[in-house]
Amino acid sequence: MSAGQFFSRLGYSILSCLIGVIFALPLIWFIFAPFNARAELGLAIPNPFTFQNFSTVFENTFAVRALLNSLIQALGGVVLVGFAATLAAYALSRSSVPGKGAVTYILLLFSSVVSGSAAMVPIFLIISAMGLIDSHIAVILVFGGGLLPTAMFILRDFIDGIPRTYEESAMVAGASPVQAFFDVALPVIRPGIVVVVVWAFVNIWGSFLIPFILLRSDSVMPASVAIYSFYSEAGTPIVTLLAAYSLIYSLPVIVLYLFVSWKFGFRFFGGIKA
């Protein structure tokens, strides 16, 4: 190895380490700050190490209830999106409707607007006309409509990878089309459904704008909105409590990630190739 190559690799390694450290610093602070009695930027283990911030957070009944509300809305949206997207994607993949590809792409295009700020006025008016303002079902339906086209697009790729001969063989053996779907196709596309479930859960769990606009009472507010209860009257954040609540708020997503990683190992694939 020449001297030029050596110094080039050395410089690349140093630069990579510096970039890694820069990205790691906020994460390290995020891990240690909830256990610190003071809002410090130091990276050392908090001294003294305390759980008082968590005790104070759990005394905030509004914030604790908001975590349950977030779970209700996320699970409701995930069930709606997962169920509807699976059936719709299978129908699009196996049907011979002309222009179905164009329909999928058009739905995907417009879905980027449904959950965006540009569509919030018509969404609010529709939900208000339905009498669903300030309810969990309003948030679930809006997220379902916004995420469904993309979920269909993702799942259709998985289903397209399954040879039709699988279902045809099952039906030749006497299975009905419904049985062929549940007994043959569904187990194969299960990794794709898991991808959609994780993606939908993360999107709903971390959303702020839609519940902030559609909900009014504290009893149905999610954690993404309730997190602002840890700000002072002057509008400045109480950093220690905010860090503790943020850590609690992130736990469901981490648990879901670990569960999926343990159960599936992220060996997601687009169906089976013949």
Side-chain angles (χ1 to χ4, degrees), residues 60-92 100 102-156 192-231 235 242 245-246 248-253 256:
N60 187 333
T61 56
F62 168 55
V64 174
R65 189 191 308 116
L67 291 170
L68 177 60
N69 293 333
S70 288
L71 191 62
I72 293 172
Q73 294 167 14
L75 291 179
V78 163
V79 171
L80 176 61
V81 171
F83 179 77
T86 301
L87 297 181
Y90 184 79
L92 282 173
K100 61 181 180 180
V103 171
T104 304
Y105 283 107
I106 290 173
L107 289 174
L108 185 63
L109 175 64
F110 281 100
S111 69
S112 62
V113 180
V114 170
S115 57
S117 57
M120 290 317 301
V121 173
I123 287 176
F124 178 84
L125 294 176
I126 293 172
I127 296 298
S128 178
M130 295 172 64
L132 296 177
I133 290 294
D134 200 29
S135 65
H136 290 306
I137 191 65
V139 177
I140 292 171
L141 288 177
V142 171
F143 275 117
L147 300 177
L148 183 57
T150 305
M152 290 166 52
F153 181 80
I154 295 172
L155 279 175
R156 184 184 167 188
I193 298 174
V194 173
V195 170
V196 168
V197 165
V198 173
W199 168 77
F201 185 90
V202 172
N203 273 274
I204 300 173
W205 186 261
S207 178
F208 168 80
L209 182 62
I210 290 175
F212 180 74
I213 292 178
L214 298 181
L215 303 178
R216 292 289 177 269
S217 59
D218 292 346
S219 60
V220 291
M221 285 291 181
S224 57
V225 179
I227 199 169
Y228 285 92
S229 64
F230 297 103
Y231 280 67
L242 193 63
Y245 191 70
S246 297
I248 297 171
Y249 181 43
S250 65
L251 286 180
V253 176
L256 180 63

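Just so it is clear, the values below take in all heavy atoms, side chains as well, and ignore hydrogens, waters and symmetry mates.
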If you take all heavy atoms of Ser229 and Asn60, which pair is closest and at what distance? OG-ND2, 3.4 Å

What pairs of residues pass the side-chain hydrogen bond (donor to acceptor under 3.5 Å, both in side chains) test when at least one of them lies in residues 196-216, not counting sequence neighbours? none

Which atom of Ala138 lies closest to which atom of Ile127, heavy atoms considered: CB-CG2, 3.7 Å

How about Pro222 and Leu215: do any of their side-chain heavy atoms sit closer than 4.5 Å? yes

Contacts of type side-chain contact (heavy atoms from CB on, under 4.5 Å), residue Leu80, not counting sequence neighbours: Ile140, Leu141

How far apart are the closest heavy atoms of Pro211 and Met221, and which atoms are they? O-SD, 4.4 Å

Take atom CZ in Phe83; do more than 12 heavy atoms of anything else shown fall under 6.0 Å from it? no

Taking all heavy atoms of Leu75 and all of Phe201, pick out the closest pair and write down the distance. CD2-CE1, 4.4 Å

Is it the case that more than 12 heavy atoms not belonging to Phe208 sit under 6.0 Å from its CZ atom? yes

Between Leu147 and Ile204, does a side chain to side chain contact (heavy atoms under 4.5 Å, CB included) hold up when you go through it step by step? CA-CA 9 Å; Leu147 300 177; Ile204 300 173; 3.9 Å; yes

Given the options Ser219, Ser217, Ser128, Asp134 meets side chain to side chain donor-acceptor pair (under 3.5 Å) only with Ser217

Going by heavy atoms in the side chains, are Ser135 and Val220 under 4.5 Å from each other? no

Considering non-hydrogen atoms only, spot the tightest contact between Ala89 and Arg156 and give its length. CB-N, 3.8 Å

Looking at CG of Asn69 and CG of Asp218, how far apart are the two atoms once the value is rounded to the nearest 0.5 Å? 10.0 Å

Euclidean distance, Ile193 CD1 relative to Leu155 CG, rounded to 0.5 Å: 6.0 Å

Report the C-alpha separation of Ser224 and Phe212 in whole Å, then their side-chain angles, then the decisive distance to 0.1 Å, and conclude whether the side chain to side chain contact (heavy atoms under 4.5 Å, CB included) test is met. CA-CA 9 Å; Ser224 57; Phe212 180 74; over 6 Å; no

Measure the spacing between CD1 of Ile210 and CD1 of Ile123 and express it to the nearest 0.5 Å. 6.0 Å

The single option from Leu148, Ile154, Thr150 passing side chain to side chain contact (heavy atoms under 4.5 Å, CB included) against Met152: Leu148

Would you confirm whether Tyr245, through its side chain, and Phe230, through its main-chain N or O, come within 3.5 Å as a donor-acceptor pair? no

Distance in Å, Ile126 CD1 paired with Ile133 CD1, rounded so as to fall on 0.5 Å steps: 11.0 Å

Can you name the nearest heavy-atom pair linking Ala151 to Val196, along with the distance? CB-CG1, 3.6 Å

